[in-house]
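Reckoned from all heavy atoms, side chains included, excluding hydrogens, waters and symmetry mates.
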Amino acid sequence: MPDTITAPLAAPVAPVAMPSDERFVQSARRVIEVESRALDALEARIDADFAAACRLLLGSAARVVVMGMGKSGHVGRKIAATFASTGTPAFFVHAGEASHGDLGMIADGDVVLALSNSGETEELLMVVPLIKRQGNALIAMTGRPQSSLARLADVHLDASVPEEACPLNLAPTASTTAALVLGDALAVALLEARGFTADDFARSHPAGALGRRLLLKIADVMHAGEEVPTVAADATLGDVIAEMSRGRLGMTAVVDAERRLLGIFTDGDLRRLLKNASVDLRTTPVASAMTRNPRTIGADQLAVEAARLMEEHKITALVVLDDAGRVHGALNVHDLLRARVV
């Protein structure tokens, strides 16, 4: 008796002649042409049924539950994600799992969007009566207006295509593209109806580049309190160097007794002074060497505005002022880099 069990050898793969570059290009162009025609046909069918679906979704105070199987399920996941990121609360429920407990995820008032190209997906048809009995509205997106799912729906969206891009007319290609575009059309129509803004989008994407650009404010990244290097106008350049070293921002603000900004002294100013042999760092007051009326910013402005100012004026630090012109904080380009604003 053998000590190990070996799997049968796989059947040898017949060698395939490598097609020419032109054949690859022609194949790709044909796919794009077929799917473009499918979308042209879809556009012509955007009618009162589409508007009815939008009204149903917009009128619900609950969520959109997207359901599907197979490739329709993959498309459904993306549609649900697009809804959720554009102001329409939504999530995906796998049709096969729905009858094994996940149907409990659907609450009163939720609107169900079911995807099935054939409209005869067994797993969907099994749970639709339960969805209807619970009182949930049903929008069906199918490629067959006379299918069982289409007839059971409160609103049917026709996502049929003249043909698939697959040369066998079997693999879901043009049909999944049409369903995906139809889902995008729903999401964008609802986005516009809600008056959804770029700020709203950023709140759904706080970790993304757009979220940081639209949400992060100067107050979130600036140094405040004792971290802000400041000196009086009569401070010597030696005192200024010590304060700049302590603050490590490459600058110090020059302020009066009320912390109102008088000017700014930067490491660039220091380098220029060091070239002048007649300057005595121990006795020269900073007021004679500071930059008066420097660029400043407010704490409630966006951090991306600080980046714009720094780039536009070729500077690396900004003083943050309050409404009374007093020094409230400071930041430099490294703070913006750490916050991934630039």
Side-chain angles (χ1 to χ4, degrees), residues 35 38-39 42-43 46 50 53-107 109-117 121 123-124 127-128 131 136-143 149 153-159 161 171-215 340:
E35 299 203 7
L39 296 182
L42 176 64
E43 182 183 6
I46 300 298
F50 180 85
C54 290
R55 292 185 184 280
L56 195 58
L57 294 168
L58 192 62
S60 172
R63 307 156 306 173
V64 180
V65 182
V66 186
M67 301 182 69
M69 284 287 294
K71 300 300 185 292
S72 292
H74 294 312
V75 173
R77 288 182 187 277
K78 193 276 179 182
I79 292 175
T82 301
F83 276 144
S85 69
T86 54
T88 300
F91 63 95
F92 177 79
V93 172
H94 189 279
E97 300 293 340
S99 59
H100 294 277
D102 283 3
L103 201 61
M105 298 168 69
I106 304 175
D110 289 344
V111 178
V112 177
L113 173 61
L115 280 69
S116 169
N117 187 44
T121 303
E123 292 86 352
L124 276 174
V127 298
V128 163
I131 292 170
N136 298 97
L138 174 65
I139 300 171
M141 186 186 297
T142 81
L149 184 60
D154 298 291
V155 178
H156 175 251
L157 298 176
D158 184 356
V161 296
T173 45
S175 59
T176 50
T177 298
L180 186 62
V181 170
L182 193 51
D184 286 344
L186 285 171
V188 172
L190 296 176
L191 175 155
E192 293 175 342
R194 296 182 195 278
F196 194 78
T197 66
D199 285 346
D200 296 323
F201 187 87
R203 279 189 283 274
S204 298
H205 301 75
L210 179 62
R212 289 191 294 275
R213 290 177 65 85
L214 294 179
L215 293 179
R340 294 188 292 172

TODO: Working to the nearest 0.5 Å, report the span between OG1 of Thr176 and CD of Glu35.
DONE: 6.5 Å
Open item on the list: To the closest 0.5 Å, what do you measure between OG1 (Thr82) and CG (Leu180)?
Closed with: 7.0 Å
Open item on the list: Do Val66 and Phe91 make a side-chain contact, defined as non-hydrogen atoms from C-beta onward lying under 4.5 Å apart?
Closed with: no
TODO: Measure the OG1-CG distance between Thr88 and Leu186 for me, rounded to the nearest 0.5 Å.
DONE: 9.5 Å
TODO: Could you tell me whether a side-chain N or O of Asp110 sits under 3.5 Å from a main-chain N or O of Ala62, the two making a donor and an acceptor?
DONE: no
Task: Closest contact, heavy atoms only, Ala178 versus Leu39 - done: CA-CD2, 4.1 Å
TODO: State the OG-NZ distance between Ser116 and Lys71, to the nearest 0.5 angstrom.
DONE: 13.5 Å
Open item on the list: Within the structure provided, determine whether Leu182 and Ile46 are in side-chain contact (heavy-atom separation under 4.5 Å).
Closed with: yes
- [ ] Quick one: closest heavy-atom pair of Met69 and Gly96, and the distance?
- [x] SD-N, 3.3 Å
Task: pair Met67-Ile131: side-chain heavy atoms closer than 4.5 Å - done: yes
Task: Chi angles and distances behind the side-chain contact (heavy atoms from CB on, under 4.5 Å) call for Val111, Ile139 - done: CA-CA 8 Å; Val111 178; Ile139 300 171; 3.9 Å; yes
Open item on the list: Any side-chain to backbone donor/acceptor pair from Ser175 onto Val161? Under 3.5 Å, distance only.
Closed with: no
TODO: Give the minimum heavy-atom separation between Ala114 and Leu138, together with the two atoms involved.
DONE: CB-CD1, 4.0 Å
Task: Shortest non-hydrogen separation from Ala98 to Val93 and the atoms involved - done: CB-CG1, 4.1 Å
Task: Spatial distance of atom CG (Leu191) from atom CG (Asp184) [nearest 0.5 Å] - done: 11.5 Å
Open item on the list: Do Thr86 and Arg194 pair up side chain to side chain, a donor and an acceptor below 3.5 Å, judged on atom types alone?
Closed with: no
Task: Contact summary for Ala159 and Leu42, nearest pair of heavy atoms - done: CA-CD1, 4.4 Å
Task: Minimal non-hydrogen separation, Ala189 against Cys54, with atom names - done: CB-SG, 3.9 Å
- [ ] Could you grab the distance from atom CZ of Arg63 to atom CE of Met105, nearest 0.5 Å is fine?
- [x] 8.0 Å
Open item on the list: With a sphere of 6.0 Å drawn around NZ of Lys78, does it hold more than 12 non-hydrogen atoms of other residues, nucleotides or ligands?
Closed with: yes
